[in-house]
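Any value given below was found using the heavy atoms of this structure, including those in side chains, with hydrogens, waters and symmetry copies removed.
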Amino acid sequence: MHPFLRLLTVSAAALAAAGAHAHGDVRCDPESPKAEWRGQMELQRKLVAEGWKVRQVKTSNNCYEVYGFDEKGARVEVFFHPKTFEKVAEVKQPS
């Protein structure tokens, strides 16, 4: 394999692993009772009103994980606190 292609392959694998590692480290307040959480549809409506295109909202590590496109049209994966809707983390997505 050409040295440049080898470097490119190794770099791509390292970036993918870094993204996966960051994703696993995201945690929202584990002490927040689910009865106090606001609804996923409420978060989706809020984001759509701000100009987002939401593809999916799911629960992950006591957070709401949102996949879609932000108000600037950038592809995003963002974690929100389910009680406050505060942005907890964002995983960078390729454009």
Exercise. Does the distance from a Lys or Arg side-chain N to an Asp or Glu carboxylate O, for Glu50 and Lys46, drop under 4.0 Å?
Worked result: yes
Exercise. Checking side-chain contact (heavy atoms from CB on, under 4.5 Å) for the pair Phe80/Glu65: CA distance, chi angles, key distance, verdict?
Worked result: CA-CA 6 Å; Phe80 293 91; Glu65 184 176 9; over 6 Å; no
Between [atom1] on residue [X] and [atom2] on residue [Y], distance to nearest 0.5 Å:
{"X": "Gln44", "Y": "Glu42", "atom1": "CD", "atom2": "CD", "result": "12.0 Å"}
{"X": "Phe79", "Y": "Glu90", "atom1": "CZ", "atom2": "CD", "result": "10.5 Å"}
{"X": "Gln40", "Y": "Arg45", "atom1": "CD", "atom2": "CZ", "result": "11.5 Å"}
{"X": "Lys34", "Y": "Lys83", "atom1": "NZ", "atom2": "NZ", "result": "14.5 Å"}
{"X": "Leu47", "Y": "Glu71", "atom1": "CG", "atom2": "CD", "result": "9.0 Å"}
{"X": "Trp37", "Y": "Asn62", "atom1": "CH2", "atom2": "CG", "result": "4.5 Å"}

With the 4.5 Å side-chain cut-off for hydrophobic clustering, are [X] and [Y] part of the same group?
{"X": "Val88", "Y": "Val57", "answer": "no"}
{"X": "Val78", "Y": "Val26", "answer": "no"}
{"X": "Val48", "Y": "Leu43", "answer": "yes"}

Exercise. Are Glu86 and Cys28 side-chain neighbours, meaning at least one heavy-atom pair lies under 4.5 Å?
Worked result: no
For this session: Using a 4.5 Å cut-off on heavy atoms from C-beta on, say whether the side chain of Val54 contacts that of Val66.
Result: yes
Exercise. Is a side-chain N or O of Asp29 found less than 3.5 angstrom from the main chain of Glu31, in a donor-acceptor match?
Worked result: yes
Exercise. Between Trp52 (side chain) and Lys72 (backbone), is there a donor-acceptor pair under 3.5 Å?
Worked result: no
Exercise. On the ring face of Phe69, is Arg55 found with NZ or CZ under 6.0 Å from the centre and within 45° of the axis?
Worked result: no
For this session: Tell me, with the steps shown, if Lys58 and Tyr64 meet side-chain contact (heavy atoms from CB on, under 4.5 Å).
Result: CA-CA 6 Å; Lys58 67 180 191 174; Tyr64 286 151; over 6 Å; no
